[in-house]
Participant: 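Quick one: this structure, given as structure tokens, is what I'll be asking you about.
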Amino acid sequence: MARNEGRLIIITAIAGVTILAAALVTMALDPIQLLINYNTRVTNNSFMFNMFQKEVEGAHLSLYVFNVTNAQEFMSGEDHSLNVQEVGPFTYAEIRQNIDIDLDEEAGELEFTPNMKLRFVPEQSVARPEDVIVTVPNLALLSVASLVSSLPFFIRNTFKLLFSTLNCKSITTIDVYSFLWGYSDPLISQAYNIVPGIVYFDKFGIMDRLYDNKTIYRMRVGIRDEDRFSIKTLKKYMKSDNWMNERALESYKYKNTYEGAAYPPGLNVETPINIYRLGVCRELNLEFHGTKNMEYGGDAWIYRISNETFNRDCAAGVCGMMDLSSCTYGIPITMSRTHFLETDPKIYERIKGINPDPSKHDSHFLLEPNIGISLSTSLSLQMNMNLADLRFSDKTEMFSDLVLPVAYIKVVQQDVFDALYGILRTIHVTAPITLISIEVTMFLIAVAILAYSGLLLYRRSKCKAKKKAYAKLNLRQNLPLIQCQLTKT
């Protein structure tokens, strides 16, 4: 009997301590985040890996072209400033599929080739780009002039003569499609033949430069919890049938850099975040700018592009803009905030029609930190030409030392709330309430069991004391033995 009672005390004490420890461990480990990490893992045949291989429609790109409204007055010298007016949007949907995928779970890396194509979205555009005619600076002329402006005198004179022989127009009229996607120009063909080591292209277009279909990108990203989807390396190859066996044209290493759709789960505010977009070729550094309470019950984090992003090339004389010339064949293309938002007005003092408005032209990124996904993205960037001294030719001298706005792109992520609302609601509302209820219940059960075990121990100790006292009395008076019962029957 006494042995069974002692065993009962031990069992109840162990059960109480075990349940209490389980409750405390649950509070400390955050099982919700552990489940998120597990369900967003990138392993063979996992949900995330299967999604990664599918063709998906991603962001929508809306393009606006700066149309010149005083071409004759500007070129004659009557107007010192160039007047521009934006025309657009012309919207395209990015269709992406990752191919040639190599998953190395042991190394914690995923290597792939992003395959991107664009689909025109007429319902989100002012018209088809083929049907809209704009007056724009002759970018082919200005590009060639910029590339040769620092070459020896006799080469500059050769091109000056070439400009006149070909009757090049400094400002031209063209349909928007050709302006965006490239057009053949006799000047580019001649320049390519004269200085092939300087002029690497045979046509020129805004989107043709950003979405260069002659280039193949090979990207390696992390797949562990701490670096999931962070870009490790990026290699560029010239497109050919045997490109994977050839040497990369360029190779880059990155840290804390992402493509802007997915991030490591369980982000914290101190986590550095940079964004890389194919074609832009430079990282955009993001800054944390607070939180926003969302309808699913949690807080999303708000990020903006830092000022550092647009000022790190100041040493090269390009303040307020990113220098992209290293990845546009030397053409002096720069990227700034749209309408030169938050840029020194002196940069665009010779351009009229620039109206920076934060509500229209600023960029923001809305992140869900637990899962590590982008809920909303509005990225607005402007492409400019940072022109040097072009006075060697009367065709280009009016553009000398001018920062010329060419076009701007607004990238808007497609809505993910409908697909993720239930999951986010569960993570931020249902699961925490359920978990707290379980933890409280476990804690109360543990306390009750430990209290019961303590009560049994107390009764047993009291019974032993009574037995001891009664035994002494029994020696003198010969009384019957006493029996104690710890539990009620």
Side-chain angles (χ1 to χ4, degrees), residues 27 29-43 46-54 56-60 94 96 98 110 114 221-231 254-277 283-306 362-380 410-436:
M27 294 176 186
L29 289 183
D30 191 0
I32 296 175
Q33 189 62 53
L34 291 176
L35 285 171
I36 291 172
N37 293 354
Y38 179 78
N39 284 290
T40 58
R41 72 194 187 284
V42 182
T43 57
S46 67
F47 171 77
M48 291 297 289
F49 184 61
N50 291 334
M51 287 294 295
F52 190 79
Q53 300 176 75
K54 292 183 178 180
V56 295
E57 180 175 318
H60 281 197
E94 283 186 338
R96 171 166 170 162
N98 300 309
L110 178 68
V221 301
I223 60 172
R224 296 191 175 100
D225 289 347
E226 63 272 15
D227 65 356
R228 191 168 300 162
F229 299 116
S230 66
I231 302 172
Y254 296 98
K255 187 176 181 181
N256 303 315
T257 301
Y258 308 86
E259 287 196 84
Y263 306 86
L267 285 173
N268 60 67
V269 176
E270 288 75 29
T271 304
I273 295 179
N274 301 297
I275 297 296
Y276 175 87
R277 276 193 64 82
E283 309 106 290
L284 307 173
N285 175 253
L286 301 190
E287 284 181 340
F288 177 74
H289 273 261
T291 61
K292 179 182 180 180
N293 186 258
M294 307 299 288
E295 55 266 36
Y296 56 75
D299 287 338
W301 292 357
I302 303 170
Y303 285 83
R304 293 181 67 240
I305 303 175
S306 70
D362 202 3
S363 301
H364 76 268
F365 302 80
L366 203 61
L367 273 60
E368 200 293 315
N370 295 73
I371 301 179
I373 59 168
S374 176
L375 298 176
S376 173
T377 295
S378 180
L379 172 62
S380 190
K410 190 166 187 177
V411 182
V412 178
Q413 176 185 311
Q414 294 306 286
D415 192 1
V416 299
F417 282 105
D418 290 342
L420 294 176
Y421 180 85
I423 296 173
L424 294 173
R425 182 77 179 174
T426 299
I427 290 172
H428 289 278
V429 178
T430 308
I433 291 174
T434 303
L435 182 61
I436 290 173

Participant: List for me each residue that meets salt bridge (Lys or Arg N to Asp or Glu O under 4.0 Å) alongside E259, sequence neighbours excluded, and say none if there are none.
Facilitator: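 Salt bridge (Lys or Arg N to Asp or Glu O under 4.0 Å) list for E259, sorted by chain: R96.
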
Participant: Please round to the nearest 0.5 Å and tell me the distance separating atom CG of D362 and atom OG of S378.
Facilitator: 8.5 Å

Participant: Which residues pass the ring pair (Phe, Tyr, Trp, His ring centres under 6.0 Å) test with Y263, not counting sequence neighbours?
Facilitator: Y258

Participant: For K255, what residues pass the side chain to side chain contact (heavy atoms under 4.5 Å, CB included) criterion, not counting sequence neighbours?
Facilitator: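 With neighbours one apart ignored, the set is empty.
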
Participant: Just verifying a value: how many Å separate L375 CG and I302 CD1, rounded to the nearest 0.5 Å?
Facilitator: 11.0 Å

Participant: Measuring from I373:CD1 to E368:CD, what's the distance to the nearest 0.5 Å?
Facilitator: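 I373 atom CD1 to E368 atom CD measures 6.0 Å (nearest 0.5 Å).
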
Participant: Can any side-chain N or O of S363 pair as donor or acceptor with the backbone N or O of S380 at less than 3.5 Å?
Facilitator: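 Such a contact is found between S363 side chain and S380 backbone.
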
Participant: Roughly how far apart are L367 CG and L286 CG, rounded to 0.5 Å?
Facilitator: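 Separation between the atoms: 8.0 Å.
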
Participant: With N285, which residues qualify under side-chain hydrogen bond (donor to acceptor under 3.5 Å, both in side chains), at least two apart?
Facilitator: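 Result, side-chain hydrogen bond (donor to acceptor under 3.5 Å, both in side chains) vs N285: N274, S306.
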
Participant: Among all residues two or more places apart in sequence or in another chain, which pass the side-chain hydrogen bond (donor to acceptor under 3.5 Å, both in side chains) test with D299?
Facilitator: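 With sequence neighbours excluded, D299 shows a side-chain hydrogen bond (donor to acceptor under 3.5 Å, both in side chains) to N293, given in chain and number order.
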
Participant: Mind checking the CZ-CD spacing from R277 to E94? Nearest 0.5 Å is all I need.
Facilitator: 4.5 Å

Participant: Taking side-chain hydrogen bond (donor to acceptor under 3.5 Å, both in side chains) as the definition, give me every residue that meets it alongside Q53, ordered by chain and number, with sequence neighbours left out.
Facilitator: none

Participant: Could you go through L284 and L379, starting from their C-alpha distance and side-chain angles, then the distance that decides it, and tell me whether this counts as side-chain contact (heavy atoms from CB on, under 4.5 Å)?
Facilitator: CA-CA 10 Å; L284 307 173; L379 172 62; 3.8 Å; yes

Participant: Identify, with sequence neighbours excluded, every residue that meets side-chain hydrogen bond (donor to acceptor under 3.5 Å, both in side chains) alongside T377.
Facilitator: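 For T377, the residues satisfying side-chain hydrogen bond (donor to acceptor under 3.5 Å, both in side chains) (neighbours in sequence not counted) are S374, Q413.
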
Participant: Can you list the residues that meet the salt bridge (Lys or Arg N to Asp or Glu O under 4.0 Å) rule with E287, with sequence neighbours excluded?
Facilitator: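 If we apply the salt bridge (Lys or Arg N to Asp or Glu O under 4.0 Å) test to E287, skipping adjacent residues, there are no hits.
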
Participant: Can you name the residues that form a ring pair (Phe, Tyr, Trp, His ring centres under 6.0 Å) with Y254, not counting sequence neighbours?
Facilitator: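 Counting only residues at least two positions away or on another chain, Y254 forms a ring pair (Phe, Tyr, Trp, His ring centres under 6.0 Å) with Y276.
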
Participant: Please report the closest heavy-atom contact between N98 and P114, naming both atoms and the distance.
Facilitator: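 Scanning both residues, the minimum pair turns out to be OD1-CA, 3.7 Å.
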
Participant: With E226, which residues qualify under side chain to side chain contact (heavy atoms under 4.5 Å, CB included), at least two apart?
Facilitator: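 Applying side chain to side chain contact (heavy atoms under 4.5 Å, CB included) to E226 gives R224.
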
Participant: Does the side-chain contact (heavy atoms from CB on, under 4.5 Å) test come out yes or no for I305 and F365, once each step is laid out?
Facilitator: CA-CA 9 Å; I305 303 175; F365 302 80; 3.9 Å; yes

Participant: Between S46 (side chain only) and R41 (backbone N and O only), is there a donor and an acceptor less than 3.5 Å apart?
Facilitator: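 Yes, S46 side chain to R41 backbone: donor-acceptor pair under 3.5 Å.
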
Participant: Can you name the nearest heavy-atom pair linking N256 to P272, along with the distance?
Facilitator: CB-O, 3.5 Å

Participant: Using the side chain to side chain contact (heavy atoms under 4.5 Å, CB included) criterion, which residues pair with P369? Sequence neighbours excluded.
Facilitator: L267, W301

Participant: Sequence neighbours left out, what passes side chain to side chain contact (heavy atoms under 4.5 Å, CB included) with L110? Give chain and number order.
Facilitator: V42, F49, F52, I101, L103, F112, V221, I223

